[in-house]
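Take a look at the structure set out below.
In this chain, numbering begins with 1 at the start of the sequence shown.
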Amino acid sequence: MFINLYKTLIRAAYPLVLKPCINKRKAAGKEDLNRFNERLGLPGHDRPEGHLIWFHGASVGESVSMLPLINKLLEKIPGCHIMVTTGTVTSAEIMDKRLPDRAFHQYIPLDNPKFTKRFLDFWHPDMVLWFESDFWPAMLSDIKQRNIPLLLVNGRISDRSFKRWQHFKFIIRELLGCFTFCLGQSEEDARRLKILGAPETACLGNLKYAGLPLPVNTAILDTLKKQIGNRPLWLLSSTHHDEESQIGRYLKEMEHAVSGLLTLIAPRHPGRGTEIAETLQQYGLKTALRSAGENITPETEVYIADTIGEMGLWYSLSPLTFVGGSLIPHGGQNFMEPSRQHNAVIVGPHMHNFADAMTRARRAGAIIQISDAEELKNTAISLLQNPENLRKHQDKACVWTDKENKVLDGILSKIEGYLA
């Protein structure tokens, strides 16, 4: 009932309300103008012959978490192809760089029945894997009506979402009823999905634990190593607004304690590079911007890596990483990526987006959690001054992520069962 009403309202509202909003997004650079037809359900790519499996994720985090599963599926099913859809320009850029052969990217169409029908009529996928909880009613219901197996993978229902959805059970029950099977990130997520109306649920683990090492351009890595020389360094990864300022006020003190220290900063939003440089210059720090083509010189104290798709470089260079989004109440960013690339990892107090992973990592001694920027400073200095202790933390983090990668086999087995 809800979905039918939604479709009717969307059709009526599109020309008067939604289209002007979309035009604003175009003007703000939030839509890819060269490929906008894909958002209208028109193909930007030929449909490959044979089986086509469709993966959908909302943005960067979801799309990157798909990559290990995509690689495994392509290995096990030689004749199939994979289409990945996302809705953001940044995720499209990353997918274009990282997708293997027999996999390609398209933008998800806007959730208008006209566009979703056009999309499915052309692609007619054999199976759909929907990552996390980016629910689009028109698309989901159209997939169900065509009897295409639809699996929710890595589904997450936060405390806040669970409470909110309990007030609108008639809506979420109808949406979850479109899925053939729902895989929760944790046992609690699977339980909540079942309560809210999912027909079948299970937890096989969190797919984000099963990531691949990030790609590294070895020629660029060698150039950066020559620029850095033997200087000690550490990385501030995926930082958000205000975190650079909180940490920046302590960097001079850290340089006095660790002679020649270089700080790398790879912000969550690369467009903030100039803003970060201006903030740190107020503390008397000499900065260099990667986006401006500036090199790391002996005088550079902070190198701001404000580019897309180069995180593998920074994790390869650094033995120690602080993961941002955690000094502020954002909820943290993915700390498994630096762990996987043999970094010792520090996070702040706000890691509620990764509660289950944090519990596992703490149990294994694979993570260091601090309460504020001053404690971060003291912890980083202690590790950088004690290479043997730093290596122990690097090893624990790497061993933990290797063990957690086993979740991939369970999810792959479930998918193969539905394909069969």
Side-chain angles (χ1 to χ4, degrees), residues 53-70 72-73 84 86 127-137 139-140 143-144 148-211 331-336 351-364 400-401 403-419:
I53 303 173
W54 170 22
F55 283 60
H56 173 68
S59 57
V60 175
E62 294 84 3
S63 57
V64 170
S65 73
M66 300 172 185
L67 290 170
L69 188 56
I70 289 171
K72 279 275 191 179
L73 274 173
V84 174
T86 62
M127 184 180 192
V128 183
L129 305 182
W130 204 269
F131 281 69
E132 303 201 16
S133 305
D134 177 35
F135 299 146
W136 293 109
M139 180 62 85
L140 294 179
I143 294 169
K144 182 182 180 182
I148 301 169
L150 172 60
L151 273 65
L152 178 64
V153 182
N154 243 34
R156 179 172 177 266
I157 304 291
S158 67
D159 293 344
R160 183 178 177 184
S161 295
F162 187 55
K163 291 174 183 175
R164 184 176 68 245
W165 278 125
Q166 285 181 313
H167 295 296
F168 301 97
K169 279 189 175 180
F170 68 99
I171 296 177
I172 190 62
R173 186 180 295 112
E174 199 170 343
L175 291 171
L176 290 174
C178 295
F179 289 93
T180 312
F181 202 98
C182 294
L183 293 172
Q185 285 188 12
S186 67
E187 294 289 352
E188 180 62 16
D189 288 312
R191 185 186 75 86
R192 290 175 177 180
L193 286 164
K194 188 69 174 177
I195 290 171
L196 293 174
E200 289 190 76
T201 67
C203 172
L204 302 176
N206 190 334
L207 193 59
K208 286 185 177 178
Y209 298 165
Q333 300 294 158
N334 188 338
F335 66 89
M336 284 75 85
M351 287 295 294
H352 50 266
N353 289 344
F354 297 86
D356 182 55
M358 283 294 295
T359 298
R360 292 169 179 261
R362 279 193 295 259
R363 193 181 299 139
W400 174 72
T401 52
K403 288 180 179 178
E404 292 293 332
N405 269 352
K406 292 177 182 177
V407 64
L408 186 60
D409 295 329
I411 295 176
L412 184 61
S413 177
K414 176 65 71 175
I415 291 168
E416 285 185 304
Y418 279 99
L419 283 175

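- Atoms CD1 and SG, from Ile148 and Cys178 in turn, are 12.0 Å apart once rounded to the nearest 0.5 Å.
- When all heavy atoms of His352 and Arg156 are compared, the closest pair comes out as O-NH2, 3.8 Å.
- Heavy-atom minimum distance, Trp400 versus Ala357: CZ2-O, 3.8 Å.
- Going from atom CD of Glu188 over to atom SG of Cys203 covers 10.5 Å, rounded to the nearest 0.5 Å.
- Put simply, the side chain of Thr180 gets close to the backbone of Leu150: a donor and an acceptor are under 3.5 Å apart.
- Of all heavy-atom pairs between Ser65 and Phe131, the closest is OG-CD2, 4.0 Å.
- For Arg173, there are no salt bridge (charged side-chain N to carboxylate O under 4.0 Å, His left out) partners two or more places apart in sequence or in a different chain.
- For Asp159, the salt bridge (charged side-chain N to carboxylate O under 4.0 Å, His left out) partners two or more places apart in sequence, or in a different chain, are Arg192.
- Looking at Met66 and Leu207, their side chains never come closer than 4.5 Å, going by heavy atoms from C-beta outward.
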Requested in this report: Could you walk me through whether Ser186 and Asp189 pass side-chain hydrogen bond (donor to acceptor under 3.5 Å, both in side chains), step by step?
Outcome: CA-CA 5 Å; Ser186 67; Asp189 288 312; 2.9 Å; yes

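- Ring geometry, Trp54 versus Trp130: the interplanar angle exceeds 60°, so the pair is classed perpendicular (tilted spans 30 to 60°).
- Here Gln166 contributes atom CD and Leu196 contributes atom CG; the two are 6.5 Å apart, rounded to the nearest 0.5 Å.
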**Report entry** Check against side-chain contact (heavy atoms from CB on, under 4.5 Å), Phe55 and Val153
**Finding:** CA-CA 10 Å; Phe55 283 60; Val153 182; over 6 Å; no

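- Atom CD1 of Ile415 is separated from atom CG of Leu129 by 4.5 Å, given to the nearest 0.5 angstrom.
- In this structure, the side chain of Lys194 engages the main chain of Pro199 through a donor-acceptor pair within 3.5 Å.
- Residues passing the side chain to side chain donor-acceptor pair (under 3.5 Å) test with Trp136 are Asp134, sequence neighbours excluded.
- Here the straight-line distance linking atom NZ of Lys403 with atom CZ of Arg360 works out to 12.5 Å at 0.5 Å rounding.
- Partners of Pro137 by side-chain contact (heavy atoms from CB on, under 4.5 Å), not counting sequence neighbours, listed by chain and number: Phe2, Ile3, Tyr6, Asp111, Leu175.
- Note that the CD atom of Gln185 and the CG atom of Asp356 stand 8.0 Å from one another [nearest 0.5 Å].
- A donor-acceptor pair is defined here as one N or O able to donate and one able to accept, closer than 3.5 Å; no such pair exists between the side chain of Asn154 and the backbone of Asn206.
- Nearest heavy atoms, Phe135 versus Leu176: CZ-CD2, 3.8 Å.
- Annotation: side-chain contact (heavy atoms from CB on, under 4.5 Å) contacts of Lys414 (sequence neighbours excluded): Leu151, Phe181, Leu183, Leu204, Tyr418.
- Residues satisfying the salt bridge (charged side-chain N to carboxylate O under 4.0 Å, His left out) criterion with Glu62, sequence neighbours excluded, are absent altogether.
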